[in-house]
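Here is the naming used below: chain letters follow the sequence lines, and residue numbers restart at 1 for every chain.
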Amino acid sequence: MSEPKENPLEKIASLCKRRGFIFQSSEIYGGINGFWDYGPLGAELKRNVKELWWQTMVLQRDDVAGLEATIIMHPGIWRASGHVDTFADAMIDCKTCKGRFRADQISEIPCPQKPSKKVSECAGEKTAPRAFNLMFKTCVGPVESEENVAYLRPETAQAIFAQFKNVLETSRQKVPFGIAQIGKAFRNEITPRNYTFRSREFEQMELEFFIRPDEVVEAVSGSVAAPVSKGHPGRPGADWGWQLWHQYWVEERIRFYGNIGLPRATLEEYWQSDQELAHYARATVDLLFKFPFGTQELEGIAARSDFDLSQHQRFSGKTMGVFDDELKAAWEKLPKERQDALWRRYYEHRKKYLARMGVAEEQAARTATDDANGLARGQYIPHVIEPSAGVDRLILALICHAYSEDQAPDEKGKLETRTVLRFHPRVAPIKAAVFPLLKNKPELVARALAVRDLLRPHMNVFYDEAGAIGRRYRRQDEIGTPFCLTIDFETLGEKGEALKDTVTLRDRDTMSQERIKIPELLSFLLSKIH
RNA sequence: GCGAGCGUAGCUCAGUCUGGUAGAGCGUCACCUUGCCAAGGUGAAUGUCGAGGGUUCGAAUCCCUUCGCUCGCUCCA
């Protein structure tokens with residue numbers, strides 16, 4: 001109880017609170033489980049990360065468009081996505097064996113303690129069936145009733161699918177292209193754990209990248225390029241099928257993490273096995289980070305086939321298909337046997353999907369035939385590659401990775417522990433701190449404020465004149481500020497013309513100092529933070 | 001949801017067993033000092049001891065409830 005904290009996560013949580021990165025939500029009322037607030041520095045850090053993602057995924061590309069959808073949507077969306085069914089099972093707990101079972105399965109599942117008997121027959125004391133819904137529920141309109149129940153979205157992805165046609169028509173994009181969104185999502189987790197890692201309210205950065213089905217690629221390009229090696233496959237080609245697109249996005253995402261200070265070596269790629277894959281997924285790669293509490297997922301890059309758009313097409317009755325004039329033109333020129341082969345493959349995929357979703361055999365065959373006939377008219381439902389990242393767990397990963405303690409000599413040469421957040425300058429909440437060497441010298445203060453004002457329009461800078469200079473450096477180390485600028489008597493020209501108008505530039509990681517001319521400061525710092 | 005442990009200042013913790021109404025270190029703020037890596041001096045602010053209820057003349061301390069945190073189960077589309 002009185003032991004000093006050794007768990008790194010506890011040290012990090014203390015630092016985050018002490019310095020204003022992360023607070024517990026509603027703390028003055030005792031807190032609320034699974035909800036976290038970002039303080040001044042955390043808010044800057046998160047803004048930087050989201051801005052970099054948006055820059056990388058949307059603004060610096062010409063094949064991705066943005067979207068910002070509502071949190072509350074038509075409940076039909078969650079029926080189509082499967083969330084209402086899979087989230088809303090009635091569960092029964094056994095007080096004897098501590099097991100939890102779906103109420104509709106207790107006569108099939110064997111009791112964990114007495115496997116000879118089914119759960120419904122064993123002697124364990126059981127609770128009444130309880131609704132177990134992981135989606136937050138609310139009512140639209142002032143009257144609370146079953147008819148106006150709505151849910152807070154448990155993921156941002158579905159809004160992208162629901163608005164797919166609107167975006168397609170207004171953005172002047174053609175498949176392959178993507179729709180990106182950053183936004184809040186809500187899950188009523190049973191056990192929020194591990195600091196902010198699994199929260200009930202969290203933010204996602206998701207891209208749904210729509211591609212041609214392989215049959216269409218083959219019809220248009222003659223063949224589907226196969227992945228040849230590991231690593232980034234380079235610039236996208238017209239003959240890429242889903243496998244290359246999937247590999248491309250895995251590598252693009254790893255690059256992104258490298259650019260914000262999580263190099264490849266800090267991540268682990270985990271390819272889900274066939275047993276783990278969701279039934280509609282063709283492949284899913286999780287990008288994992290080694291948190292102090294275990295190696296956990298930061299992002300999943302899933303090849304989701306045409307499942308999502310197909311579901312919304314079936315449930316909404318609106319077509320989610322696209323018209324592709326290249327396909328139409330190419331199809332006409334294909335020899336009959338190639339047409340038939342591609343038709344057959346597309347037909348089988350569609351029929352398999354429909355059958356799995358419970359569509360009757362005959363109806364499935366009819367619908368799949370219609371779908372396959374669409375190919376000749378240039379019509380198909382796009383497939384999708386989904387890189388989906390959690391912002392808050394990325395923030396936590398950045399802080400955990402940045403956190404370090406090293407030994408630095410103090411004034412008397414004694415070694416002291418120095419706590420440093422080694423953020424990449426791109427994400428650091430404060431880019432540069434500006435100090436007058438002494439605060440009781442008005443010339444130094446005035447000059448320091450002038451340097452602050454020079455930089456402030458371009459980056460987040462922090463001015464500090466309180467305390468000894470060493471203490472001010474250490475304060476900035478602890479919040480991850482990469483550069484400190486000290487205005488001293490050399491700056492004022494007291495040590496000769498050569499040093500006039502230069503400042504001390506102190507580096508957070510090496511603690512080394514160099515002189516830099518004030519007119520060169522801005523371009524130097526911008527080169528480091530961009 | 002179940003079981004165990006914990007909750008005292010911004011942070012880390014002492015005080016709880018043996019009821020007598022709150023402390024330390026660090027941090028923060030102000031002033032002085034300070035010529036480049038947590039220096040020194042003086043002063044200050046901050047706790048309904050997680051919350052609610054009970055026992056008692058008196059509760060941080062004992063009891064109950066509740067909320068929160070941690071760990072183990074469970075769950076994890």
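Side-chain atoms of A:Arg418 stay outside donor-acceptor range of the base of B:C37, with no qualifying N/O pair under 3.5 Å.
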Please list, pair by pair, any protein nitrogen or oxygen found under 3.5 Å from a nitrogen or oxygen in nucleotides 25-34 of chain B.
| from | atom 1 | to | atom 2 | distance (Å) |
| --- | --- | --- | --- | --- |
| B:U28 | OP1 | A:Arg475 | NH1 | 2.7 |
| B:U28 | OP2 | A:Arg471 | NH1 | 3.4 |

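Between B:C49 and B:C13, the two C1' atoms lie 13 Å apart (nearest whole Å). Taking atom C1' in both B:A9 and B:G47, the straight-line distance is 5 Å, to the nearest Å. For the C1' atoms, the distance linking B:U46 with B:G27 amounts to 12 Å, nearest Å.
A cation-pi arrangement is absent between A:Arg471 and A:Tyr473 under the rule of less than 6.0 angstrom and at most 45 degrees off the ring axis.
The residue A:Glu155 sits apart from the nucleic acid: no heavy atom pair falls under 4.0 Å.
Proximity of residues 295-305 of chain A to RNA chain B (heavy atom under 4.0 angstrom from any strand atom) is not detected for any residue. Within residues 495-510 of chain A, the residues approaching RNA chain B are A:Lys495, A:Thr504, A:Arg506, by heavy-atom distance under 4.0 Å.
Sequence order on RNA chain B of the closest nucleotides to A:Tyr195 and A:Lys17 puts A:Lys17 first from the 5' end.
In this structure, A:Phe186 and A:Phe136 have perpendicular ring planes: the angle between them is above 60°, well past the 30° mark. Aromatic ring orientation, A:Phe291 versus A:Phe293: parallel (interplanar angle below 30°, classes split at 30° and 60°).
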